[in-house]
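Structure, as structure tokens:
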2 protein chains.
Amino acid sequence: MATVREPKHRERLNRESLAACALQIADSEGLEAVTIRRLATENAVTPMALYWHFADKDALFDGIAERMYAEVNLPEPAGLPWHEELRAALVAVLAALRAHPLVADVAPPRIMKSEPGLALAECVIGLLRTGGFSPAQAAQIGTFLLCSIVTLVTREPGQDQRLDPEAQDEALRGKRAQLESMNPKKYPNLLDSSEFFLFCPSEDVYFSQGIDFLVAGVTGIQPR
Amino acid sequence: MATVREPKHRERLNRESLAACALQIADSEGLEAVTIRRLATENAVTPMALYWHFADKDALFDGIAERMYAEVNLPEPAGLPWHEELRAALVAVLAALRAHPLVADVAPPRIMKSEPGLALAECVIGLLRTGGFSPAQAAQIGTFLLCSIVTLVTREPGQDQRLDPEAQDEALRGKRAQLESMNPKKYPNLLDSSEFFLFCPSEDVYFSQGIDFLVAGVTGIQPR
DNA sequence: ACCTGAACACCGTTCAAGT
DNA sequence: ACCTGAACACCGTTCAAGT
């Protein structure tokens, strides 16, 4: 008899692959879809098995955040002015987080909880110190910049790929109907802009203007 | 016999007071504490009673957002340059949301779902149009500005008043220990700034620099 | 119009036990 | 060291029924 391979017994679980699986679920179906039980079935295991690898659900999210930070390719120092180096770092973070619009929200509060997060933080804080900002300002501005990149990614108009195309069209029609039914005397400017709350004419323009805004903000305030 | 008042039968429920109650719970214990069942017991009613007043939990959150937007006191147009008027509007939003650091996150996606939200949006979009921005840019920048104010409020260092003082001190000690145990060769700048991720030297300075940053960002980019 | 009762299909988590 | 079984205390929501 030829050896007909039985379906391999599950490979051993481990933090990294579990976190990767959770990230995949979140990317395709949203963060709410990531449940201990779902992740367990996906890995052919009882829910309680996960508690060997993660203390609780929050620790699982730490793992997800770490994976996203690991995808940030920080640029080598290039001897440019500090605000140019800062821009490059922000672009690198943006590039990584754009892949995870449904999950990016978990990243900011967890930046100090993994090596790749710490590396990013050290880099940005260092650049801000070079720009003349105090330790307090650097901490505050650095935090704000990271949250802002997340905002750009998570609130990009019309990018909620969570639902199937039909349901998405349906939702879009609903919102459009609501916006277009507004009183034009009362909300003239809102009506002019209405379609751009639902639709992004150019992702590249949107994101590059976002980065421009952030760099302008940083360079526009007084270091103290 | 003197009429000893029986505890009044519950007053009739209504959207507004339910939303107010939910907001109060969220302010003191965080958004996760707002559950249909908790809100029901708080109002001496079965969980299902709430479904008469709100289609689902999301609609309850719409109500919470509306209440917060209603607290924004938009300044009268004062004939100042558009960016000064914009600053005043941002300050007004900040003032309102500062009262709700644990809840402010629900506001941005719901700005178009209530009259006070729409009034704020119309105001900000109008000012951005006056500043020369296109309808598309105005929509994107306006959204970003609102999210940024929320970021300032929700990520203010050391302001998580959710737990009792002892538990909060405990959590703080844990984080501080972690930060101070970092390798000083590897994370020198991070270590310099570490205490300012946990503690805000001055709320007023923090928020006014935040507003300065945003105004600098807006005035620093090219209207197209 | 407004609310209840019973039921369903989910959650995260603990704890003791198995291999 | 790694995983299971059973149980607990929660969720949001539906649907039919009561007043």
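Excluded from the calculations below are hydrogen atoms, water molecules and symmetry mates; all remaining heavy atoms, backbone and side chain alike, are included. Letters A, B, ... mirror the listed sequences (proteins, then strands); counts begin at 1.
- Listed nucleotides: D/dC3, C/dT4, D/dG12. Nearest to the side chain of B/Thr46: C/dT4.
- Between A/Arg38 atom CZ and C/dC11 atom P the separation is 9 Å, expressed in whole Å.
- Each of B/Ala44 and A/Met48 was matched to the nucleotide of DNA chain C holding its nearest heavy atom; the match closer to the 5' end belongs to B/Ala44.
- A/Trp52 places its CH2 atom 18 Å from the P atom of D/dG5, with the value rounded to the nearest Å.
- For the pair B/Arg15 CZ and C/dC2 C1', the computed distance is 16 Å after rounding to whole Å.
- To the nearest 0.5 Å, atoms CG (B/Leu39) and CG (B/Leu13) are separated by 8.5 Å.
- A/Phe144 places none of its side-chain heavy atoms less than 4.5 Å from the side chain of A/Ile149.
- Straight-line distance from the CG atom of A/Asn14 to the P atom of D/dA1: 16 Å, rounded to whole Å.
- Ionic pairing of B/Asp58 and B/Arg110 is present here: one or more N-O contacts between side-chain nitrogen and carboxylate oxygen are shorter than 4.0 angstrom.
- Salt-bridge formation is not detected for the pair B/Arg38/B/Glu32: no Lys NZ or Arg NE/NH1/NH2 atom is positioned less than 4.0 Å from an Asp or Glu carboxylate oxygen.
- Protein atom CD of B/Glu11 is 22 Å distant from nucleotide atom P of C/dA1, rounded to whole Å.
- We find that CG of B/Leu39 is positioned 10 Å from P of D/dG12, with the value rounded to whole Å.
- Across the strands present, D/dC15 finds its partner in C/dG5; the criterion is a Watson-Crick or G-U wobble pair with both atom distances under 3.5 angstrom.
- As rounded to whole Å, 10 Å separates atom P of C/dC10 from atom CZ of A/Arg37.
- Note on B/His53: every side-chain N or O is 4.0 Å or more away from OP1 and OP2 of C/dA1.
- Relative to the side chain of B/Ile36, the nucleotides D/dG12, C/dT14, C/dC3 differ in distance, and D/dG12 lies closest.
- In the set C/dT13, C/dC2, D/dG12, C/dC2 carries the atom at the smallest distance from any side-chain atom of B/Arg12.
- Here C/dT13 is the nucleotide among C/dT4, C/dC2, C/dT13 with the atom lying nearest to any side-chain atom of A/Lys57.
- Rounding to the nearest 0.5 Å places OG of B/Ser17 at 11.0 Å from CD of B/Gln24.
- Picking from C/dC3, C/dT13, D/dC11 the nucleotide with the shortest atom distance to the side chain of B/Leu13 gives C/dC3.
- Each of B/Val34 and A/Ala49 lies near DNA chain D, and the nucleotide nearest A/Ala49 is the one positioned closer to the 5' end.
- Taking atom CG of A/Asn43 as the reference point, atom P of D/dC3 lies 10 Å away to the nearest angstrom.
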